[in-house]
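Just below is one structure, and these are the notes that go with it.
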Amino acid sequence: MDTKVGIDKLSVYLPHFYLEMDELAKARGAEVEKYTIGIGQNKMAVPTIQEDIIALGANAASLILDDEDKTTIDQVIFATESSFDFSKAASTYIHELLEIQPFAKSFEVKEACYAATAALQMACDYVRLRPDRKVLVISADESRYGLGTAGEPTQGAGAIAMLISANPQIFAIDMDSISITDNQFDFWRPSYSEFAMVEGSFSTELYQDIFKRVMSQLEETDPEKLSQIKAMTFHLPFTKMGRKALSSYESQEKSVFTKEDKTELLKQWNGHFENSARLNREVGNIYTGSLFLSFLSLLLFSEDIQSGDKVGLFSYGSGAVAELLTGTIQEHYLTALKKESVIQQFNQREAITIDQYEQFYNELLPADDKKHIIADSTKEEGFYLSEVDAHRRYYKYRN
Ligand code: HMG
């Protein structure tokens, strides 16, 4: 039998501060229900300048790696669309901060919110050929549309770290998947722009259209596998997006399934959806990690999910590339996921006012060649950006 390969460990790390959606709604003259029901978000994670993608990513990874992992990791792959350097990969910092063995390779991948899935698939293929080795996949992003824009209530920030190995504790990933590319301008960020450009309503339509195309392809190529998927998780730029995708597939008439069978399948998926969106509701869009945050949420909160169940992960990145992964939940997933510490991290965050949010938002790193010590924004334990000197970023660990 083939060796199982997939997610052995998985963690999330969030900025310390968040903004309540009612605070944002009040400030922008919007009805709070538009944000909490219409878009489906309760809180938005707000990073400070010290919590850049390296700090977020290093903190996520440090929650899962032990000394043995550090000697067996051969690749550190960083997926992001919030990179601050066009040449040096974010994973080179992570490799040093986490003391990964020196003969590992480190690189960065990009394709909007799809990137972490590309990284995960590369990692799985690598481990399938070398089952005694491991790959660390990190996704970290800060989603920024600009103050007062339509996209603002869908912002967020955070990191997900995944350790990929043979015989994983959490999730064994099937080798076959369905991918699709469709060159579109739904959301993109030219290198000269600090903020993403977005065609808001077109982007939500394209997402649904691509989900339906992927589902039709799976119906045609492997309907049996599709019918075995107990829960479907989604890239969630905002939680309502997942509901929209589910109903778009529901209303697609052409299907290889009978009406009754498709209704039964979708009843199961809809039943799991709210639990798979619980963590995302409290954070916002963390771009390439959002799908895996939703996957974590499903595994932690859906009581009706158990080892042996097949789960689908629909990854969508604007531009656009999507992929539907499937896999099987493994026996020790709950022990490996450390539910209590995830909940504790979410609960220890601090709410900020709209003025504090705008102040953090507008703070940019100096772009000159002088030495700048970055003032502490929190007292939280972990890695943080401590200084910039001659355009070089330096990090420290706070106990
Ligand atoms: P908007 O135009 O301000 O909102 O922008 P709207 O008018 O479309 O309203 C949103 C929903 O709230 C609607 O529900 C309203 O009816 C409802 P829907 O018709 O969609 O079901 N609503 C209310 N509900 C209850 N009570 C009320 C109320 N008022 C209104 N009082 C939009 C919304 C999402 C377009 C905007 O925030 C945006 O542009 N966001 C960013 C783009 C985005 O997230 N696109 C998603 C697909 S693309 C993607 O996922 C990729 C991405 O993650 C990037 C990447 O890949 O890197 C973004």
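Just so you know, ligand 1 is whichever comes first in the structure, and atom 1 is the first atom listed for that ligand.
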Atom [atom1] of [X] with >12 non-hydrogen neighbours under 6.0 angstrom:
| X | atom1 | value |
| --- | --- | --- |
| Lys396 | NZ | no |
| Gln228 | CD | yes |
| Lys338 | NZ | no |

For Ile138 versus Gly57, what's the shortest heavy-atom pair and its separation?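 What the structure gives for the nearest pair is CG2-CA, 3.7 Å.
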Protein heavy-atom partner closest to [atom] - residue, atom, separation in Å:
| atom | answer |
| --- | --- |
| atom 39 (O) of ligand 1 | Gly200 CA, 3.4 Å |
| atom 25 (C) of ligand 1 | Glu33 O, 3.5 Å |
| atom 3 (O) of ligand 1 | Lys34 NZ, 2.7 Å |
| atom 53 (O) of ligand 1 | His235 NE2, 2.8 Å |
| atom 13 (C) of ligand 1 | Gly38 O, 4.5 Å |
| atom 51 (C) of ligand 1 | Ser318 OG, 3.1 Å |
| atom 50 (O) of ligand 1 | Pro237 CG, 3.1 Å |

Can you confirm whether some protein heavy atom lies under 4.0 Å from [atom], or whether none does?
| atom | result |
| --- | --- |
| atom 32 (C) of ligand 1 | no |
| atom 37 (O) of ligand 1 | yes |
| atom 58 (C) of ligand 1 | yes |

Side-chain donor-acceptor contact under 3.5 Å, [X] with [Y]:
| X | Y | result |
| --- | --- | --- |
| Tyr395 | Asp52 | yes |
| Gln121 | Tyr126 | no |
| Gln184 | Asp182 | yes |
| Gln50 | Asp376 | yes |
| Glu219 | Tyr249 | yes |
| Thr326 | Lys310 | no |
| Gln41 | Lys240 | no |
| Asn285 | Thr154 | no |
| Ser91 | Ser106 | no |

In terms of atom number and element, which parts of ligand 1 are under 4.0 angstrom from non-hydrogen atoms of [X]?
| X | value |
| --- | --- |
| Phe187 | 54 (C), 55 (C), 57 (O), 58 (C) |
| Gly151 | 37 (O), 38 (C), 40 (N) |
| Lys244 | 18 (P), 20 (O), 21 (O) |
| Glu31 | 27 (C), 31 (N) |
| Val198 | 42 (C) |
| Thr154 | 37 (O), 40 (N), 41 (C) |

Does an N or O anywhere in [X] fall below 3.5 Å from an N or O of ligand 1?
| X | result |
| --- | --- |
| Glu81 | yes |
| Asp186 | no |
| Thr204 | no |
| Tyr207 | no |
| Cys113 | yes |
| Gly317 | no |

Answer yes or no: is there a side-chain heavy-atom contact under 4.5 Å between Glu264 and Leu266?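 A side-chain contact under 4.5 Å is absent here.
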Before you tell me yes or no, could you show the steps for Thr288 and Ser139 under side chain to side chain donor-acceptor pair (under 3.5 Å), namely the whole-Å CA-CA distance, both residues' side-chain angles and the distance that decides it to 0.1 Å? CA-CA 6 Å; Thr288 188; Ser139 62; 5.3 Å; no
Minimum distance, heavy atoms only, to [atom]: which one of [options] is it?
| atom | options | value |
| --- | --- | --- |
| atom 14 (O) of ligand 1 | Arg28, Gln155, Glu111, Lys240 | Lys240 |
| atom 34 (C) of ligand 1 | Tyr316, Phe238, Trp188 | Phe238 |
| atom 47 (C) of ligand 1 | Ala112, Ser203, Ala30 | Ser203 |

Classify the contact between Thr288 and ligand 1 as side chain, backbone, both or neither, using a heavy-atom distance cut-off of under 4.0 Å.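 Neither part.
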Taking the ring centre of each residue, are Tyr397 and Phe383 less than 6.0 Å apart?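 Yes, they do, as the ring centres are separated by less than 6.0 Å.
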Determine, using heavy atoms of Tyr145 and all atoms of ligand 1, whether some pair is separated by less than 4.0 Å.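 Yes, Tyr145 has a heavy atom closer than 4.0 Å to ligand 1.
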